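Sequence lines set the chain letters: A, B, ... in the order given, protein chains first and strands last, and positions in each chain run from 1. Keep in mind that this is a model prediction, so the values were computed, not measured.
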Number of protein chains: 2
Amino acid sequence: MVDHASGIPAYRQVAADLRDQITRGDLPPGARIPSEHQLAERHHVSRPTVREAIALLRAEGLVVAERGRGVFVRSQRTVQRLARNRLSRAARQRDEGAFKGDAAAGGWTPSTTVKVYFESADPATATLLDVDEGTEVCVRDRVMRADGIPVQLATSRLPRDITRDTAIEQTDTGPGGLYARLEDAEHTLDHFVETVSARMATHVEQAALQLPEGTPVIALTRVAYDTDGRALEVNAITMSADRYELVYELPAD
Amino acid sequence: MVDHASGIPAYRQVAADLRDQITRGDLPPGARIPSEHQLAERHHVSRPTVREAIALLRAEGLVVAERGRGVFVRSQRTVQRLARNRLSRAARQRDEGAFKGDAAAGGWTPSTTVKVYFESADPATATLLDVDEGTEVCVRDRVMRADGIPVQLATSRLPRDITRDTAIEQTDTGPGGLYARLEDAEHTLDHFVETVSARMATHVEQAALQLPEGTPVIALTRVAYDTDGRALEVNAITMSADRYELVYELPAD
DNA sequence: CGCGTCAACTTGTAAGGACAAGCATGACAA
DNA sequence: TTGTCATGCTTGTCCTTACAAGTTGACGCG
């Protein structure tokens, strides 16, 4: 019931009530919350007020609405963790790149669509790859899926003088993936630098990753360096924050 | 102007129009967008419709509303990056913990408030620390500020049998911080495991970090292990995604 | 018994009105 | 000149009403 004397807006009180029920477990993941009409009657407020309350919970990512069906408690993070210690040479010899390795560990079926094209380096890419602006780069644009649903977008850029006449310019890079081909071409990988940030999904990403509104994404930029300290590849990865968790292991010294 | 024949809801058309103006730069960061009344008149829609459009942009984190003043375009990310390779023994000997080190590198003034208390381990903590549920743990609850504004929340938990009679149970842990005291007590640190995820801020975090609505946070869980493979500390860190970027360096092999 | 249709739900979109509360500005008084 | 206050602008909150569009299940007909 809404307390008008408290000074707290009615829609926030309704939202808080539902949030409590969800976090307490009275409304478990997947459960349908009462309809807008029912909530309005129960709390003695109007439907727009109830809708505002539900809009809050949607923005928090707690619930999803489905027209004609109801509003449902969001199921928990699909604990599809991604161990990033998979970039080792040994792993490359076992399977085909990190994504397939994660899939095997997580027990889901991976699929990928790839587009390969060429462009001249924009300022940001040029800085990261340490090449002149306008240098020709090979772009590998990938959409990765787990059991058919898109979970990750990745765009790799490499200087064309490295990729020319290699399988990297093919859609299928072959066993071990892109990094294996780099090592075939005598570019010995030394280390990677990953930069992790989070932000709200753009509407393009929302569409591509089939995200409900109000979900954040993890944006990861990985730069691969060879033993000479030269940057070989810049990979911009976007993941639904809902579905991913990144794990890093760091030595104490 | 709204096109009723397009099938696209009016509030989305209004939102798209404003979004374009913002991304194009016509409405630069800090600028005030037209008032709800003006937008309603201009697009020939009602005020509630305009409000719904603005609610969308707020959820996307593009604008912030200030009652009595107007709605303003959000200013850009403050590129305060945080290199996470600072957990080395050498760094501990130089300064006092990772946060002060980051501050020195970033050129801002750090300040911290600490609360220390004891509790019995909840299931999640017990699992991570590999102790029995209910074991007494020492909790260090910290709010970290950069130039006075809160940027990070961190809660460390350690089994009490490790912290008893050490400076870890004091608010001020002394030079080199918590990890230096652990090594003083013959617990040699071996490695850390960091788990990174992103999600929308809870309303508690929103208040503590003074975040506008609709901003995501980066949630990081760090577990410190000693050379025997024993978990010494679990640190749950929450950062505004606006203000942080994490950098990891990984060896290729 | 099977299947299609329809009614009764659900959420989505939109209008219009009313009052509250915070802020800035300018007029006015000291 | 300076401080105070009233006024009008802004967003915040909330109501009532109406119709659109998607889903589900029950009912009746073949």
Write down the distance between [atom1] ([X]) and [atom2] ([N]), rounded to a whole number of angstrom.
{"X": "B:E66", "N": "C:dA21", "atom1": "CD", "atom2": "C1'", "value": "15 Å"}
{"X": "B:R12", "N": "C:dT13", "atom1": "CZ", "atom2": "C1'", "value": "11 Å"}
{"X": "B:E36", "N": "C:dA15", "atom1": "CD", "atom2": "C1'", "value": "15 Å"}
{"X": "B:R67", "N": "C:dA24", "atom1": "CZ", "atom2": "P", "value": "14 Å"}
{"X": "B:R69", "N": "C:dC23", "atom1": "CZ", "atom2": "P", "value": "9 Å"}
{"X": "B:H37", "N": "C:dG17", "atom1": "NE2", "atom2": "C1'", "value": "14 Å"}
{"X": "A:R51", "N": "C:dT11", "atom1": "CZ", "atom2": "P", "value": "8 Å"}
{"X": "B:F72", "N": "C:dG22", "atom1": "CZ", "atom2": "C1'", "value": "12 Å"}

Result for 5'-nearest mapping on DNA chain C, choosing between B:P48 and A:R32, is A:R32
What contact category does A:S35 fall into here, base, sugar-phosphate, or nothing, at under 4.0 angstrom with non-hydrogen atoms? sugar-phosphate
Base, sugar-phosphate, or nothing for B:T49, non-hydrogen atoms under 4.0 angstrom? sugar-phosphate
Where chain B begins and ends its contact with DNA chain D, read 5' to 3' at 4.0 Å from heavy atoms: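 In short, chain B contacts DNA chain D from D:dT10 to D:dT13.
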Quick one: do B:E205 and B:R199 make a salt bridge, cutoff under 4.0 Å?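 Yes, this pair counts.
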Find the distance between CZ (B:F118) and CG (B:L158) and round it off to the nearest 0.5 Å. 10.5 Å
Kindly compute the distance separating CG (A:L39) from NE2 (A:H44), expressed to the nearest 0.5 Å.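 One finds 12.5 Å between CG of A:L39 and NE2 of A:H44.
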Please determine whether the number of non-hydrogen atoms from other residues, nucleotides or ligands lying under 6.0 Å from atom CD of A:E66 exceeds 12. yes
Is A:E119 atom CD crowded by more than 12 heavy atoms from other residues, nucleotides or ligands, each under 6.0 Å away?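 It does: A:E119 CD has more than 12 such atoms within range.
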Closest contact, heavy atoms only, A:P29 versus A:R74: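 Here A:P29 and A:R74 meet closest at CB-O, 3.8 Å.
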Do A:Y248 and B:L246 have side chains that get closer than 4.5 Å, going by heavy atoms? no
